[in-house]
Student: 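What follows is a single structure, and I will ask about it in a moment.
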Amino acid sequence: MSVGKQKQFQFQSQSQSQSQSPSSSPPMLSSLQGSLLTLAILTLLSFTYFSLHSLHPSSPSPATATTYISSSSSAADDEQFSDIYHSPEVFRLNFAEMEAKFKVYIYPDGDPNTFYQTPRKVTGKYASEGYFFQNIRESHFRTDDPDQAHLFFIPISCHKMRGKGTSYDNMTIIVRDYVESLISKYPYWNRTLGADHFFVTCHDVGVRATEGLPLLVKNSIRVVCSPSYDVGFIPHKDVALPQVLQPFALPAGGNDVENRTTLGFWAGHRNSKIRVILARVWENDTELYILNNRINRAEGNLLYQKKFYETKFCICPGGSQVNSARPTDSIHYGCIPVILSNYYDLPFNDILDWRKFAVILREKDVYQLKQILKDIPYSEFLTLHKNLVKVQQHFQWNSPPVKYDAFHMVMYDLWLRHHVIKY
């Protein structure tokens, strides 16, 4: 659900009448004819003016010119973003405003070894959490003045606690005590009951550790690698953090459709109902490469990643956990993701039009999976692949962060959500 603030330029015209005192009074008829002629000319000019401007909008007013110019991209950017956003112009305008104005205050309290530190590492399945902690701390969005902040970041690193051997029960106690100390020490939580606060965590560990504090889960913004609705994810409030396994083993795929000879690919464990069905129905198929396990590394180096390069459509079924890195792997390697799940709030779904670069299916479609993929026209496949390459930058973490990368997209999602907070 998009909560972006749309900017509109309104063009107004003003008609001015001038009265003149003639040196001599002409006859009444002549005067009436002259007035009608003048009125006709003005009417014609007015219609011409508005007709032209309806086709070619004029420059924005001085009050908005700076914002428009600063947010306008090159013609190449216009082409790049035209097919992947719900509203490209709104995105560019709001993104520019976010970069100019957005401020986040990071609470400094708590044990620095537990909270205000980058998680253990910025690699593997927790890379997204680690990169965000690192990027926000060093970014221009951070402010040391809480009175200037739009949002407040609660630097809870459950991954850090997990690395110290902390149990889930103890994590819950630590999180509860820490948040309650912030509530009692600072006035900011109480203004909105935590609606302008957010925390970031990836994988199921963070979800489980915070479940014991309902006021945190229900009130604050959860930026989590757990986009399933059945774990309490609230789309209009929470943000789906993309799980990205960085560093990638191989370079990004793209412009290589001639090498993609396999129709569909999936390899993994049968740890969910949909995966069991997927493997049972299709593992012996000759056009779909469905493997009921990870590809054995002993058979060759990086065979799993290389298979992404050879495939048109990569199947992304839900697993036992509430998150998955398979969609972002597919995007990176240029394989069109096939989302096979009933409950999945895709990362940046309110910004990006996923149907322009992915195939979205319900779990019941698994039985017709092969035919559905074969029925996609080749021209549509080429368009999906072309758009997929365009969105790769949004699912890449960088240090320092780069414009339009995963960090900036998460910040933009937070910027959208701060607009609905009233106090």
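Hydrogens, waters and symmetry mates are skipped; everything else that's a heavy atom, side chains included, is used. As the structure is a computational prediction, the values presented were derived from the model and not from experiment.
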Student: Determine whether Asn259 and Tyr309 make a side-chain contact, defined as any pair of heavy atoms from C-beta on separated by less than 4.5 Å.
Tutor: no
Student: Would you say that Cys316 contacts Tyr344 through its side chain, given a criterion of any heavy-atom pair below 4.5 Å between the two side chains?
Tutor: no
Student: With rounding to the nearest 0.5 Å, note down the distance linking OG in Ser330 to CZ in Phe357.
Tutor: 11.5 Å
Student: Can you check whether Phe395 and Phe348 have ring centres sitting under 6.0 Å from each other?
Tutor: yes
Student: Is the distance between the ring centroids of Phe153 and Phe198 less than 6.0 Å?
Tutor: yes
Student: When the ring centroid of Tyr131 is compared with that of Phe133, is the distance short of 6.0 Å?
Tutor: no
Student: Given His394, which of Ile351, Leu352, Asp405 fulfils the side chain to side chain contact (heavy atoms under 4.5 Å, CB included) condition?
Tutor: Leu352
Student: When you check the gap from the basic side-chain N to the acidic O, do Glu363 and Lys273 get nearer than 4.0 Å?
Tutor: no
Student: Find out whether Ile315 and Leu278 are in side-chain contact, i.e. whether some heavy atom of one side chain is under 4.5 Å from a heavy atom of the other.
Tutor: yes
Student: How about Phe313 and Phe381: are their ring centroids closer than 6.0 Å?
Tutor: yes
Student: Would you check if Asp329 and Phe248 make a side-chain contact, meaning some heavy-atom pair closer than 4.5 Å?
Tutor: yes
Student: Rounded to the nearest 0.5 Å, what separates atom CG in Leu414 from atom NE2 in His150?
Tutor: 12.5 Å
Student: How long is the gap from NE2 on His197 to CG on Leu151, to the nearest 0.5 Å?
Tutor: 9.5 Å
Student: Walk me through whether Ser167 and Asn170 qualify under side-chain hydrogen bond (donor to acceptor under 3.5 Å, both in side chains).
Tutor: CA-CA 5 Å; Ser167 67; Asn170 286 336; 3.3 Å; yes
Student: Looking at Arg260 and Glu310, does any basic side-chain N land under 4.0 Å from a carboxylate oxygen?
Tutor: no
Student: Taking the six-membered ring for Trp, is the centroid-to-centroid distance between Phe265 and Tyr304 below 6.0 Å?
Tutor: yes
Student: List the steps and the verdict of side-chain hydrogen bond (donor to acceptor under 3.5 Å, both in side chains) for Ser128 and Gln243.
Tutor: CA-CA 6 Å; Ser128 294; Gln243 187 181 34; over 6 Å; no
Student: Side chains of His408 and Phe95: does their closest heavy-atom pair fall under 4.5 Å?
Tutor: yes
Student: Is the Phe407-Tyr412 ring centre distance short of 6.0 angstrom?
Tutor: no
Student: So do the side chains of Val223 and Asp238 get within less than 4.5 Å of each other, counting heavy atoms only?
Tutor: no
Student: Does a side-chain heavy-atom distance below 4.5 Å link Asp196 with Ile221?
Tutor: no
Student: Does the ring of Phe141 carry Lys103 above it, NZ/CZ under 6.0 angstrom from centre and within 45° of its axis?
Tutor: no
Student: Do Leu340 and Val366 come close enough that some side-chain heavy atom pair is under 4.5 Å?
Tutor: yes
